[in-house]
Engineer: 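Just dropping this structure here.
A, B, ... follow the sequence lines: proteins, then strands. Residue 1 opens every chain. Keep in mind the model is a prediction, meaning the values are calculated, not measured.
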2 protein chains.
Amino acid sequence: MTRQLFELTGTDPARRFSPFCWRSRMALAHKGLEAEIIPWRFTENERLAAHGGKSVPILLDGAATLTDSWDIALHLEQSYPDAPALFQGPPETYRFITAWTDTVLTAGVARLIVSDIVPLLGPKEAAYFTESREKRFGMPLAQVTAGREARLPEFRATLGPLRRTLTQQPFLGGATPDYADYIVFGSFMWARIVSPLPLLAADDAVFAWRDRLLDLYGGLARAVPALEA
Amino acid sequence: MTRQLFELTGTDPARRFSPFCWRSRMALAHKGLEAEIIPWRFTENERLAAHGGKSVPILLDGAATLTDSWDIALHLEQSYPDAPALFQGPPETYRFITAWTDTVLTAGVARLIVSDIVPLLGPKEAAYFTESREKRFGMPLAQVTAGREARLPEFRATLGPLRRTLTQQPFLGGATPDYADYIVFGSFMWARIVSPLPLLAADDAVFAWRDRLLDLYGGLARAVPALEA
């Protein structure tokens, strides 16, 4: 049976832009595993419900169905123990960086790029996305991202812990990348694919780290069409 | 030879308040190791230089001298491999939470409590501390902490990643504490000992976690005199 990963796209199936799907795609590559890309669009909920899921990524791997990026990582680690480890210690010790990424990084990126996503979507998905996100932010999406160039220094300051770590070692995992790198990288891939806004300055240690991630596994992530200038 | 740990105090040698010294004191306890407390005060630089150090903690352990909390943790892990592990994976995977603690947490705590440290110091140390910290902050210390009660919600919001992690598991290390817990806990001990300001609300998952840390190793940390209300 072919391994399959449901990944979020807009009208262009090549532009897979979900930060959470990127965690799983990089985790698969880390393990040396192929997985067919199953493009999925907002509002196609019944396609996920058929597998018992509510959001992407969903991984179908033989008899196993995993409906969440964290569970996918645990599954890959347990099912492919001879491939390079995603977690170099107990997965619990990766919870803090996951929480930081979800509450600080991804939330900060969203406030800079969320309005860029709408033009990438078909009419039905764009309507769903706009309504649900405007409800979440309590304002029009254009207003959420208004004045974003002026807010870039503030955003970049929130990357302090990441920057300090990456001046000490090439990857969050140490000398080589591990799942912590993929967790954080996913949010930068999200921005890179949907937005022309340059989140990172070229002389930032975080920029150099992102470049290293873009080069991994034959340039897997770099090959995806991006709007970043 | 007796194991010795140089720890920062003010006029009362029982009030050991350095966040970095607390990392090492908890790490020693985790390993089941005793170490004589060597009280050290600001400006006593020649006492550190005698051991090749510039700041506390300094650990003297047999023939080994370690002049930095990170090096102390690595030394304890290597020298006492049969005692419980401080690091459940490579130490490099603990760099991010260290960087977060140093750049976000400790910096945030300092802006709330730095002026409380002065009255705990003797005249000479108080003069040194005030001058060096006022230079760092670019303003009088009373001004740094002015209006702090009103800034508590903002500070508590920065604990989001910690709070989310600790609603998922009892310790940053998972089911049991590891060096990540001690890194973060040190900054809360610093505040607790020197300041009456209640940094944490009693219904916060971070408060409950701190309570668990205070109880560890026979209440080692709780036994230290504290100014927190």
Engineer: So which part of A/Leu166 gets closer than 4.5 Å to some heavy atom of chain B, the side chain, the backbone, both or neither?
Structural biologist: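 No part of A/Leu166 comes within 4.5 Å of chain B.
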
Engineer: Check B/Thr165 against A/Phe96 and note the closest heavy-atom contact, atom names and distance.
Structural biologist: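 Taking B/Thr165 first and A/Phe96 second, the nearest heavy atoms are OG1-CA, 3.3 Å.
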
Engineer: Between A/Asp102 and B/Arg164, what is the shortest heavy-atom contact and its length?
Structural biologist: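 That would be CB-NH1, 3.5 Å.
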
Engineer: Answer with side chain, backbone, both or neither: which region of A/Phe171 has an atom nearer than 4.5 Å to a non-hydrogen atom of chain B?
Structural biologist: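 No part of A/Phe171 comes within 4.5 Å of chain B.
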
Engineer: What part of B/Thr103 lies closer than 4.5 angstrom to a heavy atom of chain A: side chain, backbone, both or neither?
Structural biologist: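 When you check distances to chain A, only side chain atoms of B/Thr103 fall under 4.5 Å.
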
Engineer: Give the minimum heavy-atom separation between B/Gln169 and A/Arg95, together with the two atoms involved.
Structural biologist: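 Nearest pair, atom of B/Gln169 first, then A/Arg95: OE1-CG, 3.4 Å.
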
Engineer: Please report the shortest heavy-atom distance between A/Pro161 and B/Ala99, naming the atom on each side.
Structural biologist: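 Closest approach of A/Pro161 to B/Ala99: O-CB, 3.4 Å.
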
Engineer: Would you mind reporting whether B/Thr93 and A/Asp178 have side-chain heavy atoms less than 4.5 Å apart?
Structural biologist: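 A/Asp178 reaches B/Thr93 side chain to side chain.
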
Engineer: Quick check on the interface: out of B/Gly89, B/Gly160, B/Gly173, B/Pro90, who has the most heavy-atom pairs with chain A under 4.5 Å?
Structural biologist: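 If we count pairs closer than 4.5 Å to chain A, B/Pro90 comes out on top.
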
Engineer: Answer with side chain, backbone, both or neither: which region of A/Gln88 has an atom nearer than 4.5 Å to a non-hydrogen atom of chain B?
Structural biologist: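 The answer is both parts of A/Gln88.
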
